[in-house]
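Structure first, commentary second.
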Amino acid sequence: MDIENIQNDYLARVEAAADIESLDAIRVDAIGKKGEISLLLKTLGKMTPEERNVQGPIINGARTMIADVIAARKEALETAALNARLASERLDMSLPAPQRHSGSVHPVSQVMDELTEIFADLGFAVAQGPEVEDDWRNFTALNIPETHPARAMHDTFYFPDKDAQEREMLLRTHTSPVQIRTMMDVAKRTDGKGEPIRIIAPGRTYRSDSDATHTPMFHQVEGLVIDKAIHMGHLKWTLETFVRAFFERDDIELRLRPSYFPFTEPSAEVDVGFSVEKGKRIIGGDRQGKEGGENGGWMEILGSGMVNPKVIENCGLDPNEWQGFAFGCGIDRLAMLKYGMDDLRAFFDGDLRWARHYGFDAHDVPTLSGGLSGKGAAA
Ligand code: PHE
């Protein structure tokens, strides 16, 4: 067969190729490694120079022409395939979107983030301590005498065995041992000289107790400020600033009631004013502080006081030089008051319906006043 016939034969086959696969088969047959034209090209080497001068351009020309035609046909086939797809595929915008099952942030985590943000703005660092604590840091160093009811077995989860250093171990009953750890660290680091402290310590706490407002595991946030001239005015301002930022209202009043904690002197329990509007309790408002009334009143939210000099001394710091305030507040209760849940036990049941209803969008970056304006429980 002469080269022109071969060439025409391929051109006809390319023209007739209906899809990319058959086109590729033709390419292999013609100009693939062992293709017909490729084999012809190899014969050039055995020709005389005269023959080669004639045959070379002819065979190479055939190769180029076939390659070009294949490329053009390929493009045409591809365009046709794309057009066919565009014509056949339709988006039905009326179909329901697939359900998005993203998790949600637990209200306790949300509230911890919120209060950490607020106190960070006030210059507080976050301190942590272990949930398995020793009896000395949880009680003794905090000036809680052996006879204090908090030490009674029915409140505290004790471990049956002592640890390697013969210490009585327990699940911490409050976050106050983090005060001890923080002050002892400072005393150690500064060789007993001391330095200003401003920390909060949010975390889990445990007491053997269970009803609508108590669970065996719950959350507290501790606050501790130590400096040379810290007084109760600083305590009140700090708590007022915190409570107003947290509940996102400027009209919230605080009441400090004299109280007793072994580790603070003097001690105060702190109440927030609430009003009843349309049958619902809200923090702040016109009716707050209306003692005993149906319309408003005071609600206890935390314990506080000036750190007892004995506690400062127990930690290895000089109580004649350093003084400050501390407070401890239930986080779960803060969440209930802000976001309107009424049974604490549901916080830890792990019921997905509850978590979806009260949970927060994980995409929301917590901000100082994140909760109420964001998606959250209100949505
Ligand atoms: N630890 C106390 C409690 O759990 C709260 C508290 C902390 C009181 C710090 C005063 C100072 O009830």
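Whatever order the structure lists ligands and atoms in, that order sets their numbers, starting from 1.
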Study note, to complete from the structure: Under 4.0 Å from ligand 1, residues with heavy atoms, in chain and number order, are H174, S176, Q179, R207, Q220, E222, F261, F263, T264, G303, S304, A326, F327, G328

Review point. Is it the case that K338 places NZ or CZ above or below the six-membered ring of F247, under 6.0 angstrom from the centre and within 45 degrees of the axis?
Key: no

Practice item. Any salt bridge (charged side-chain N to carboxylate O under 4.0 Å, His left out) involving residues 308-318? Give me the pairs, sequence neighbours left out, ordered by first then second residue. Key: none

Below 3.5 Å, can you tabulate the donor-acceptor pairs from side chains in residues 66-74 to any protein atom, sequence neighbours excluded?
{"from": "R73", "atom 1": "NE", "to": "V14", "atom 2": "O", "distance (Å)": "3.4"}
{"from": "R73", "atom 1": "NE", "to": "A17", "atom 2": "O", "distance (Å)": "3.3"}
{"from": "R73", "atom 1": "NH2", "to": "A17", "atom 2": "O", "distance (Å)": "2.8"}

Exercise for review: Using the six-membered ring wherever Trp is involved, compare the ring planes of F263 and H174 and label them parallel, tilted or perpendicular (cut-offs 30° and 60°).
Suggested key: perpendicular

Give every donor-acceptor pair under 3.5 Å between a side-chain atom in residues 216-230 and any protein atom, sequence neighbours left out.
{"from": "H219", "atom 1": "ND1", "to": "D332", "atom 2": "OD1", "distance (Å)": "2.9"}
{"from": "Q220", "atom 1": "OE1", "to": "T175", "atom 2": "N", "distance (Å)": "2.9"}
{"from": "Q220", "atom 1": "OE1", "to": "T175", "atom 2": "OG1", "distance (Å)": "3.2"}
{"from": "E222", "atom 1": "OE1", "to": "T175", "atom 2": "OG1", "distance (Å)": "2.7"}
{"from": "E222", "atom 1": "OE1", "to": "S176", "atom 2": "N", "distance (Å)": "3.3"}
{"from": "E222", "atom 1": "OE1", "to": "S176", "atom 2": "OG", "distance (Å)": "3.4"}
{"from": "E222", "atom 1": "OE2", "to": "S176", "atom 2": "OG", "distance (Å)": "2.7"}
{"from": "E222", "atom 1": "OE2", "to": "Q179", "atom 2": "NE2", "distance (Å)": "2.6"}
{"from": "K228", "atom 1": "NZ", "to": "E321", "atom 2": "OE2", "distance (Å)": "2.7"}

Practice item. Go through the side-chain N and O atoms of R198 and T182 and say whether any donor and acceptor fall under 3.5 Å apart. Key: no

